[in-house]
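First the structure, in the form of structure tokens, and then the observations on it.
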Amino acid sequence: MSAVAHEHVDGHAHDDHGHHHKETFITKYIFSQDHKMIAKQYLITGVLVMGFIGIAMSLIFRMQLAWPGESFAIFETFLGKWAPGGVMDADVYLALITMHGTIMVFFVLTAGLSGTFSNLLIPLQIGARDMASGFLNMVSYWLFFVSTVLMVISLFVEAGPAAAGWTIYPPLSALPMAQPGSGLGMTLWLLSMTIFIASSLLGSLNYIVTVLNLRTKGMSMTRLPLTIWAFFVTAIIGVISFPVLLSAGLLLLMDRSFGTSFFLSDIFIQGEVLHYQGGSPVLYEHLFWFLGHPEVYIVLLPALGITSEVMATNARKPIFGYRAMVASILAIAFLSTIVWGHHMFISGMNPFLGSVFTFTTLLIAIPSAVKAFNYITTLWKGNLQLNPAMLFSIGLVSTFITGGLTGIILGDSTLDINVHDTYFVVAHFHLVMGISALYGLFAGVYHWFPKMFQGRMMNKNLGYIHFWITAICAYGIFFPMHFVGMAGVPRRYYENTAFPMFDELTNVQVLMTVFAIIAGLAQLIFVYNFISSIFYGKRGPLNPWSSNTLEWTAPQKHIHGNWPGKIPEVHRWAYDYSKTYENGEYIIPGQDFVPQHIPLQENEEELNH
């Protein structure tokens with residue numbers, strides 16, 4: 001199958017070369033069908049623009065938590081009528097955390113991470129000319145772009161943006177008259193997410209078909225780099241779970257606009273009984289979390305895949321336990337679809353059902369631990385090249401473990417009840433999902449920047465500064481947050497001054513906010529490094545990290561079809577680092593790596609991974 005696909009794609013590419021010179025500015029940079037350009041579009045829209053908005057929001061509401069009731073000129077500048085005299089209004093606080101969560105989870109970490117690296121790496125690492133459908137790929141990006149525009153527009157409507165937490169539970173999301181943030185802003189939120197899901201599904205189907213059908217000759221599934229396995233399985237999870245959120249969103253739109261009662265029943269507003277009968281908000285929770293938990297792995301698996309590749313390359317060692325890593329990705333994908341109930345332990349769930357979800361949730365710790373141990377074993381006795389990409393990969397392993405440990409507490413129904421809806425939960429998922437995925441994203445950008453921007457390298461010293469400030473501040477924010485949660489401070493309250501028992505925790509809130517502001521400013525170092533390196537970064541060699549995968553055999557100058565002439569064939573797996581003959585000599589004299597397209601040498605055995 002792959003040989004046939006190889007010939008087909010090869011032929012297709014030569015047809016394209018004839019049309020290559022007629023590209024206009026619009027077909028090359030705007031409505032591009034080239035996967036490399038689409039990857040850059042996702043990176044700039046999803047990560048740089050939406051990431052900036054999401055982080056800015058978090059800094060604004062962290063200031064409110066640290067200094068409740070204080071007047072800040074910056075609040076009046078950014079929030080306008082929602083901060084009269086510079087004092088934040090309670091309604092806009094909930095809107096800020098709603099939009100922060102939505103933007104970071106969906107637009108930055110789902111579209112930004114998968115959209116950028118699946119697009120960039122899948123064709124290049126499997127040896128394909130482009131995606132299976134360049135047109136669908138373009139449509140996927142532009143649907144994503146429309147959804148981001150709608151989400152940003154919702155920030156400017158008169159009644160304010162959506163305000164019900166990023167999970168938008170009914171009745172706040174189902175009754176337009178419930179509060180200011182339940183009006184037009186909520187409708188725009190639902191429309192934006194509907195279009196976002198359409199974009200995500202088109203992208204995911206494209207990734208799946210490309211990996212299955214367009215691998216070059218010799219690229220069997222067991223020779224795929226772990227990055228591709230991660231992107232492939234992430235796309236499968238997305239196709240299974242995103243339609244369920246789409247159904248929840250459409251039913252919610254019907255409740256809001258057409259008088260149905262899917263999620264509403266026995267509602268009183270100011271003593272008046274509304275006509276809604278028979279619906280259940282718990283049904284919405286089931287539908288939302290059936291996507292919501294797989295979503296954690298849609299965000300995390302690409303970051304783990306990137307880490308596998310960056311870590312093996314920079315430890316100059318084969319990844320430890322390749323097949324176990326693939327098996328753990330598949331196990332995580334399966335288990336992620338049967339654990340959603342652990343978000344709902346206090347929703348009145350049957351205790352027996354709670355114990356079933358506890359069991360499945362604790363099971364998912366096994367493949368996660370396999371990955372963590374294999375990363376550590378890959379590092380063990382390696383010849384470590386501690387460049388910024390490697391540091392972020394090691395940072396990911398750290399936050400994945402520390403965040404995962406608190407997951408064991410939250411996955412157990414009897415323990416979760418005590419800390420549910422406190423800052424303990426916020427600290428847990430920010431470490432295990434937010435910070436880990438961001439570290440994977442940064443590792444990927446530092447590592448593949450030369451591939452994206454025609455051989456230019458990012459500034460290494462700025463990368464080190466960026467890593468250390470970010471790593472110290474991330475723990476500075478989220479480590480104390482666990483203790484604030486264990487003390488019982490509830491999430492989503494815009495101030496806790498009504499509870500005298502929390503007064504002594506004010507200093508901890510100030511500490512976390514100071515760390516958050518420093519971390520936010522540190523991201524400006526990354527943005528400066530990124531933008532200046534596009535234009536002024538020094539050019540590196542074709543294969544700057546001495547890596548084995550196919551993308552480093554493609555020319556630095558981006559051409560339509562990736563390789564001039566024939567696509568390289570694959571003869572080995574992606575992790576032949578520091579491989580020697582029995583006498584201790586490297587396979588290729590003076591070189592501690594053997595790229596995938598190099599045939600097996602005389603007397604060389606293929607590693608049985």
Side-chain angles (χ1 to χ4, degrees), residues 27-55 102-125 128 130-152 192-193 195-208 210-211 227-228 230-232 234-235 238 242 295 298-303 305-306 437-438 440-454 458 523 526-527 530-531 534 551 558 562:
T27 58
K28 183 172 183 184
Y29 292 107
I30 300 173
F31 295 112
S32 172
Q33 296 187 25
D34 182 354
H35 70 100
K36 301 178 290 296
M37 182 55 66
I38 292 172
K40 291 186 210 174
Q41 290 176 324
Y42 269 111
L43 182 62
I44 289 164
T45 313
V47 178
L48 295 186
V49 177
M50 295 306 276
F52 182 81
I53 295 170
I55 290 172
T102 306
I103 286 170
M104 296 307 286
V105 171
F106 294 111
F107 292 84
V108 179
L109 295 177
T110 302
L113 188 53
S114 280
T116 300
F117 291 105
S118 297
N119 270 307
L120 178 72
L121 296 178
I122 288 176
L124 283 167
Q125 289 196 338
D130 206 312
M131 284 288 178
S133 169
F135 177 74
L136 266 191
N137 210 11
M138 176 189 79
V139 171
S140 169
Y141 168 73
W142 281 103
L143 284 174
F144 167 64
F145 183 80
V146 170
S147 76
T148 61
V149 169
L150 275 177
M151 196 59 82
V152 171
S192 169
M193 285 309 300
I195 296 168
F196 177 88
I197 292 165
S199 153
S200 175
L201 289 173
L202 290 179
S204 295
L205 290 169
N206 217 351
Y207 306 151
I208 293 166
T210 306
V211 172
T227 36
I228 303 301
F231 300 145
F232 175 59
T234 299
F242 263 120
E295 172 65 21
I298 290 171
V299 161
L300 200 51
L301 282 179
I306 288 167
L438 277 177
L441 176 76
F442 288 136
V445 171
Y446 282 108
H447 189 75
W448 280 289
F449 189 88
K451 196 76 252 164
M452 276 191 268
F453 296 102
Q454 305 190 351
M458 288 182 79
Q523 305 322 303
F526 170 75
V527 172
F530 181 88
I531 293 170
I534 293 174
E551 75 270 26
H558 288 176
N562 294 336

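The first residue of the sequence shown is numbered 1, and numbering continues consecutively from there. Only heavy atoms go into these numbers, but all of them, side chains included; no hydrogens, no water, no symmetry mates.
- The minimum heavy-atom distance linking Val445 with Phe117 is given by the pair N-CZ, 3.4 Å.
- No donor-acceptor pair under 3.5 Å is formed between the side chain of Asn137 and the backbone N or O of Ser133.
- Here the CG-CZ distance, from Leu113 to Phe442, works out to 11.0 Å after rounding to the nearest 0.5 Å.
- Rounding to the nearest 0.5 Å gives a distance of 11.5 Å between CE of Met37 and CG of Leu120.
- Looking at Phe135 and Asn206, their side chains never come closer than 4.5 Å, going by heavy atoms from C-beta outward.
- Legend: residues meeting salt bridge (Lys or Arg N to Asp or Glu O under 4.0 Å) with Lys40, ordered by chain and number and at least two apart, are absent.
- The OG atom of Ser200 sits 13.5 Å away from the CD1 atom of Ile195 when rounded to the nearest 0.5 Å.
- Using a 4.5 Å heavy-atom threshold, the side chains of Thr110 and Phe242 count as touching.
- Applying the ring-ring contact (aromatic ring centres under 6.0 Å, His included) criterion to Phe453, with sequence neighbours excluded, gives Phe449, Phe530.
- Counting heavy atoms from C-beta on, the side chains of Ile55 and Gln523 come closer than 4.5 Å.
- Two residues are said to be in side-chain contact when any heavy atoms from C-beta on lie closer than 4.5 Å; Leu202 and Tyr141 fail this criterion.
- A pairwise comparison of heavy atoms in Met458 and Phe526 identifies CE-CE1, 3.9 Å as the closest pair.
- For the residue pair Thr234 and Pro302, the shortest heavy atom distance occurs at OG1-CD, 3.4 Å.
- The side-chain heavy atoms of Phe106 and Ser192, taken from C-beta on, include no pair separated by under 4.5 Å.
- Thr27 places no side-chain N or O within 3.5 Å of a backbone atom of Ser32 that could act as its donor or acceptor partner.
- Heavy-atom minimum distance, Ile103 versus Met50: CG2-O, 3.2 Å.
- Considering every non-hydrogen atom in both Val299 and Val105, the closest pair reads CG2-O, 4.0 Å.
- Of the inter-residue distances, the one linking Asp34 atom CG with Gln41 atom CD reads 10.0 Å to the nearest 0.5 angstrom.
- Of all heavy-atom pairs spanning Ala303 and Gly440, the tightest one is CB-CA, 3.8 Å.
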**Request:** Take Leu124 and His35 through the test side chain to side chain contact (heavy atoms under 4.5 Å, CB included) and record every step on the way to the result.
**Result:** CA-CA 9 Å; Leu124 283 167; His35 70 100; 3.8 Å; yes
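- Within the 4.5 Å cutoff, side-chain heavy atoms of Trp448 are placed close to those of Glu551.
- Note: Tyr42 and Phe144 meet the aromatic proximity criterion, with ring centroids under 6.0 Å apart.
- Of the possible polar contacts, one joining the Thr116 side chain to the Gly112 backbone as a donor-acceptor pair under 3.5 Å is found.
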**Item:** side chain to side chain contact (heavy atoms under 4.5 Å, CB included) assessment of Lys36 paired with Lys451
**Value:** CA-CA 9 Å; Lys36 301 178 290 296; Lys451 196 76 252 164; over 6 Å; no
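- Side-chain contact annotation: Thr227 with Gln125, donor-acceptor N/O pair under 3.5 Å present.
- At a threshold of 4.5 Å between non-hydrogen side-chain atoms, the residues Met131 and Gln33 do not count as touching.
- Leu441 contributes atom CG, which lies 7.0 Å from atom CG of Leu43 (distance to the nearest 0.5 angstrom).
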**Request:** Kindly determine whether Tyr207 and Asn119 satisfy side chain to side chain contact (heavy atoms under 4.5 Å, CB included), including the steps that lead there.
**Result:** CA-CA 8 Å; Tyr207 306 151; Asn119 270 307; 3.4 Å; yes
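- Taking CD1 of Ile306 as the reference point, atom NE2 of His447 lies at 9.5 Å (rounded to 0.5 Å).
- A 4.5 Å side-chain heavy-atom check between Asn562 and Pro123 finds at least one atom pair inside the cut-off.
- Residues forming a ring-ring contact (aromatic ring centres under 6.0 Å, His included) with Phe52 (at least two apart in sequence, or on another chain): none.
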